[in-house]
Each structure stands twice: as structure tokens, then as C-alpha cells.
Amino acid sequence: MEAVDSTRAFVSSVKRVVIKVGTAVVTRADGRLALGRLGSLCEQIHELNYQGYEVILVTSGAVGVGQRLRYRKLINSSFADLQKPQVDLDGKACAAVGQNGLMALYDTLFSQLDVTSAQLLVTDNDFRDPDFRRQLNETVKSLLSLKVVPIFNENDAISTRKAPYEDSSGIFWDNDSLAALLALELKADLLILLSDVDGLYSGPPSDPHSELIHTYIKERQEGRITFGDKSRLGRGGMTAKVKAAVYAAYAGIPVVITSGFATGNILKVLNGKRIGTLFHRDANKWVPQGEVGTRDMAVAARESSRRLQAMSSQERSKILLDVADALEASEKLIIAENQADVAEAQGAGYDESLISRLSLKPGKISSLANSIRMLANMEEPVGRVLKRTEIASLAIRSGNGLLLKGGKEARRSNAILHKIITSAIPQNIGERLIGLVTSREEIPELLKLDDVIDLVIPRGSNRLVSQIKASTKIPVLGHADGVCHVYVDKSANMDMAKHIVLDAKTDYPAACNAMETLLVHKDLVQTGGLNELIVELQTKGVTIFGGPRAKTLLNIPEARSLHHEYSSLACTVEIVDDVNAAIDHIHQHGRHVGISTSRIHARGPVGVEGLLTTRWLARGSGQVVNGDKDIVYTHKDLNLQA
């Protein structure tokens, strides 16, 4: 479903709209009329008429429809005539015949919808006469007041203009420029140019690397776009549409170029949906200074990362240390921006689990800075060879570029963190090493850039991760669910078990690695150990739900599912016979693979090692997070003895 774009909010005040439909939309590949598309066009205009819009239609296609003269010529030709070299049909004759048939069809289609239409044929020279222009306005005003749809076309049959059509003497050169001229002359609020493609692309639409440009910004894109071929029979093509759109937009008439092949696009444009390409004279004000398009942003990050990789390990470590210092120096500013985000989220009624995830806890910035310093001091990860396999770690340390997209509820926090971190990056690398994507609508375009982006790491809801995995060919390092289990055996130290269970559930309940299910050995029901654990959890505000066995024994509400991820102060409790039963339960109801759902890591020639993957076994002696208090995270190898 197309998103509603804030840059399209102006359409709510649109009253008079000019719609231009091109030859490629009006006719099929064989030159015959495209009845389905024309029918859809008329139905949408009927709906707009009903809603109170004033609709003016500019139509091409007369010459295309007039190509039926070719068949008439064949029928009337003798065998001897057919042996002679064939010459092209007279375009003006085709226009005269085609205009009659085209208008007859419009009249028939509109009549079926109880809509009246009127034909107005104009030529370039007509607009040189002030009296004509005055009369034109009066006639159109009268027609619109009667709910009549004026249908304009250039009168090619008698026009004195000849190829090349575009020169300095012309007032308009094709129906695209005619539509722009009429939009200005008739004081329209919006011009919609229907094409055979979805809008303006950064290159030929057939090129897989071309991106759809949602908002045209002249200062950024003029001269940087490569146009494809024009339509089969039309005079203009996308080049003509862009020129007409720029002319109208910078004269004060917003323009949208969109597909006339897709169903309902005119109505979608007027409903503010983000389809096609918008031209607006204020477009450059809507984009923050220095912001770039999605492909430009990705390419810039990749190029910066290559310069980063060329630096020595010590130089990359120095950047990280500078980032850590910058974060600590700006802690008060970061906290203030974060608190503003939290207050706005609370006022908007966001779920408590999301607000918990959004809020920066006391000491979080210092903890983050210390983690960055530890990363800076770790063993060099780039270029290190293990069985001829290169290893990479986190962004700057590993020489990677980054594009970051946070939730809209954290926009202030995201912006200040991005500003502080990029300010610590040396100029010879460039702050564009790390880009901040600010619009949700840019995500679909980013996910198409498999030639530039090497990895996507989605963090968020099950729905978000699943949607991203289904929408891209780029490898995804993402885990859609985090149903984490804790098992307490009958032989467990109960004081240690209580600390671990409480910390696992309450330290950060919105995190994907928070405990969602507590499994306990059946003997703890009799010894009172299970009751102790439940009391501790409930004291901390945790709501308890039961699995099939626990709900009956403990008389508690049943869990909606043993697969459920609460992401809040709630959890499922279930009773199992022993550790093997706990393992079976986790295999059946857990999510198996940590943060990454990709089990195969092998690239290039694959031997036995390539058919194996890694399983992590964490061993501890009761360590807990405890709000990151007195915790030092380390990254180092432990040489384990068998």
C-alpha cells in the first residue's frame, strides 16, 4: 500500500486539476486504442467530478488512432501499388481521422458515466492572440460550472508547425508543454502528466540500477538524469514531460508524473499518496541541507569505507576513541534530546515497551563510550587471516560504511547521536561514512540497492524484520523473534537462580534477548522453589501466564502461545520433567538462531568447514547485567583446555 507523504499535503487544497494523457497510454502497442486504460481514466475523472473537482483533460493519441488509415490504404491499393516503395502516411491526415475517432470514444465512455465532455482544439498560434486567451478562460469557466469536462488537443491537422517542433519561436511544442501552458493559463492547482512508466527515474527505467525519483529537486538532479527512448508515436517522451513539469512547477503549479497504466493513480495522487514524481517549486526546502538520495548516500558510505579500510589499525582505533570522548562530552545534550523524544512518545500514547526501549538509562552513554573504547583496543579484525578467511567486526573498527534508520519516535536522539559521531570522523574519510536515513519512505529504495549495500541488519518488531527479509535480495542479518528461555533445574542454587531470572526479565524487558519463558523442574513445585521465583517476579511487576501444566497447578491465566514474545513485564511459566524435557521444549518453541537467521556463512569454494556452522555455548557463574552497573564487557579469546 502506498504511503501518505507529507510533501503531498498540499493536494488537500487542490480544486482545479489538469490531467494530460499521452499517446503511449491512449493506444496499445499495435496502434489500436487501449480501451481498458481509457475506461479507467474516464471512471477516475467521473469520480473527481462527483467529488467536486474541476477537471480539464489534455489528450494525445489522435495521430496514433489515425494510423488506421494504413489499413484503409492497403484495402484500396491495387497489386501494382503494393509493388511500389511505400511512403509514410501523412501525419496531418492521420490526425484529422484519429481526432474524430478519439473524441467519439471519449464521448461514448463519458456518456455511460453520465458525464458530459467538450472538445477544444488549439494551435500554437492561437495563444499569441490576447483575445483568444481571454475567451478561452471564459469558455472553460462556463464549461466547468456546468460540470462539463473540457478535452484539449493540439489541432495537428491544421497546425503550421513542422519538425523540429521545439525552437525559440514556439509557445508550446507538444501536448506536455500544452498541458503546462493550460495549467498556468487556466490557473490550475495541480497538473498530472500520465506516462507509460511509474515516474521519473535516475536513468532508463529498464536499467535495474535506476531509482524512481519521488520528488524532483532541480538543484540536485538537473543534468544528472539519463533519459530512455520516447514512446512509439508520441512527439515528446520523458524529456518533454520533465521540461513541461519544471516549467509549470517553477511558475507555481505543482506537477506529478505518474503511470497511466496502473489502476487508480489519479485518485491516489489526489489522496496524497507517494506515487510518481512530484515537481514543486518549494521542493528544495523540504530536503535538509546536504541530504542526498538513497543511492547517493549508499555510494558515499561505501566510498568512505574504502578510505577507512586503507588506514592503519591504530588510525581506526583513534577514530573510535575520539567518538567515545565526543559522546561523553555531549552526554547532557544527548539526554535532553532523548527525554524530549520520550515525552513526545508518551504524549502520543506509545506502548510502554517501546518507550522503555527508547529511553536512555542513567549511565548508558558512559557504558556505550566504554564499550567503544574496548572495541578500539581489540585485536585488529581487518585483514586477519584464519584459514584464508577475512574477518570483520563492527562498522568503523572493521572499515565498513553505515546507513542508519531509527524509528520516528527517536528522531531527536538519532539526529544528535549521528551529529556527534560523524563530527569525530576525520575529514579525509568524510562524515558521509555514516548516513542517517530520515524518511521511512526511503527504505524500499534502499532495499533495492543490492549492488551497493552488502548487509541489512533490521532491529525491531517481528513484522518489521519479516517484511525486510521478504523485500530485498541483500543478505539480512536479522532475527524475527526473540523467545528466550531460562531453565531452572532442581539442583540449582536458588539465590543465584532468582538473580538470573529477575535480571533476564526485568533489566530490559523490551529487548529481544529478554526472558519470555521460564521453565522449572517439576520437583521445585514441591520444594517451594517455583513459588519463590514467581513471588520475586510478581514483586517486580511481572505478570505471569502459565503453560499447559503450570496454569492448572498454579491456577494462573493461560499463555496465549508458547511461542509468544511479550517484550514487556510479562512472561510464561511452564513445568518440565527434567533438563532433557526443557531442551525439547526450547527446540519446539524457541527461535533457535540468535540474531541471525542465516545458518550458512560459507562463501567461495566450499569444503567440509563450509557445510558446518557455529553454535555458541555461554558458561557463567551467576553473572547478571544489573543495569550495566559495575559491568565491563570484553572481547578476547579464551584458550579452553579439553
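For the single chain, residues carry numbers from 1 onward in sequence order. Because only heavy atoms are used, hydrogens play no part in the values below, and waters and symmetry mates are left out as well, while side chains stay in.
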> Are the side chains of Leu270 and Leu190 in touch, meaning some heavy atoms are under 4.5 Å apart?
Replying inline: yes
>> Please report the interatomic distance NZ(Lys268) to OG1(Thr263), rounded to the nearest 0.5 Å.
In response: 7.0 Å
> For Ile45 and Tyr53, what are the C-alpha separation, side-chain angles and deciding distance, and is it a side-chain contact (heavy atoms from CB on, under 4.5 Å)?
Replying inline: CA-CA 9 Å; Ile45 292 175; Tyr53 289 94; over 6 Å; no
>> side-chain contact (heavy atoms from CB on, under 4.5 Å), that's the test. Do Phe110 and Thr116 meet it? Break it down for me.
In response: CA-CA 6 Å; Phe110 276 129; Thr116 303; over 6 Å; no
> Among side-chain atoms of Asn175 and Glu154, is any donor-acceptor pair under 3.5 angstrom?
Replying inline: no
> When rounded to the nearest 0.5 angstrom, what is the spacing between NE2 in His46 and CD in Gln112?
Replying inline: 11.5 Å
> Going by distance alone, is a donor N or O of one side chain under 3.5 Å from an acceptor N or O of the other, for Asn125 and Arg128?
Replying inline: yes
> Is Asp189 salt-bridged to Lys15, cutoff N-O under 4.0 Å?
Replying inline: no
>> Donor-acceptor pair, distance only, cut-off 3.5 Å: does the side chain of Ser111 make one with the backbone of Asp107?
In response: yes
> Do side-chain atoms of Asp450 reach the backbone of Lys473 as a donor and acceptor pair under 3.5 angstrom?
Replying inline: no
> Is the number of heavy atoms from other residues, nucleotides or ligands within 6.0 Å of CZ (Phe10) greater than 12?
Replying inline: yes
> Heavy-atom distance under 4.5 Å between the side chains of Gln51 and Glu47, does that happen here?
Replying inline: yes
>> Under the criterion side-chain contact (heavy atoms from CB on, under 4.5 Å), I'd like the reasoning laid out for Val255 against Tyr250: C-alpha separation, chi angles, the key distance, then a yes or no.
In response: CA-CA 10 Å; Val255 182; Tyr250 283 82; over 6 Å; no
> Side chains of Val242 and Leu200: does their closest heavy-atom pair fall under 4.5 Å?
Replying inline: yes
> Do Val21 and Leu57 pass the side-chain contact (heavy atoms from CB on, under 4.5 Å) test, and can you show the C-alpha distance, the side-chain angles, and the key distance before you say yes or no?
Replying inline: CA-CA 8 Å; Val21 57; Leu57 180 62; 4.0 Å; yes
>> For the OG1 atom of Thr139 and the CZ atom of Phe132, what is their distance to the nearest 0.5 Å?
In response: 9.0 Å
> Can you name the one residue among Ile19, Val149, Leu144 that meets side-chain contact (heavy atoms from CB on, under 4.5 Å) with Ile56?
Replying inline: Leu144
> Just wondering, more than 12 heavy atoms not from Asp131 lying within 6.0 Å of its CG?
Replying inline: yes
> What pair of heavy atoms forms the shortest contact from Lys405 to Val437, and how long is it?
Replying inline: CD-O, 3.1 Å
>> To check you understand the geometry: which heavy-atom pair defines the closest contact between Ala180 and Ala248, and what is its length?
In response: CB-CB, 4.0 Å
> CD1/Ile355 to CG/Asp341 distance, rounded to the nearest 0.5 angstrom?
Replying inline: 11.5 Å
> Is any side-chain heavy atom of Ile253 less than 4.5 Å from a side-chain heavy atom of Leu184?
Replying inline: yes
> Do other residues, nucleotides or ligands put more than 12 heavy atoms under 6.0 Å from the NZ atom of Lys147?
Replying inline: yes
>> For Thr27, is there any backbone N or O sitting under 3.5 Å from a side-chain donor or acceptor partner on Arg37?
In response: yes
> When you measure from the side chain of His280 to the backbone N and O of Arg8, does any donor-acceptor pair fall under 3.5 Å?
Replying inline: no
> Within the distance-only criterion (no hydrogens, no angle test), does the side chain of Arg281 pair as donor or acceptor with the backbone N or O of Ala249 below 3.5 angstrom?
Replying inline: no
>> Could you tell me if the side chain of Leu446 sits less than 4.5 Å from the side chain of Thr472, heavy atoms only?
In response: no
> Can you name the closest pair of heavy atoms from Gly199 and Met238 and give their distance?
Replying inline: O-CE, 3.5 Å
> Got a donor-acceptor contact below 3.5 angstrom from the Asn137 side chain to the Arg134 backbone?
Replying inline: no
>> Within the structure provided, determine whether Val269 and Val17 are in side-chain contact (heavy-atom separation under 4.5 Å).
In response: no
> From Leu186 CG over to Leu181 CG, what is the distance, rounded to the nearest 0.5 angstrom?
Replying inline: 8.5 Å
> For the atom pair CG (Asn155) and CG (Asp126), what is the distance rounded to the nearest 0.5 Å?
Replying inline: 8.5 Å
> What heavy-atom pair brings Leu191 and Ala179 nearest, and what distance separates the two atoms?
Replying inline: CD1-CB, 3.9 Å
> Which atom names give the shortest non-hydrogen contact between Leu193 and Lys20, and what distance separates them?
Replying inline: CD2-CB, 3.6 Å
> Side chains of Tyr50 and Asp114: closer than 4.5 Å at any heavy-atom pair?
Replying inline: no
> Within the distance-only criterion (no hydrogens, no angle test), does the side chain of Asn265 pair as donor or acceptor with the backbone N or O of Ser259 below 3.5 angstrom?
Replying inline: yes
> Going by heavy atoms in the side chains, are Arg302 and Asp454 under 4.5 Å from each other?
Replying inline: no
> Do the rings of His564 and Tyr566 sit parallel, tilted or perpendicular, given the 30° and 60° boundaries?
Replying inline: perpendicular
>> Using a 3.5 Å distance criterion without hydrogens, assess whether the side chain of Ser12 forms a donor-acceptor pair with backbone atoms of Ala9.
In response: yes
> Counting distance only, does the side-chain N/O of Thr277 pair as donor-acceptor with the main-chain N or O of Ile213 below 3.5 Å?
Replying inline: yes
> Between Ser177 and Asp174, is there a donor-acceptor pair closer than 3.5 Å when you use the side chain of the first and the backbone of the second?
Replying inline: yes
>> Please find the pair of heavy atoms, one from Leu120 and one from Pro150, that lie closest to each other, and give the distance.
In response: CD1-CB, 3.7 Å
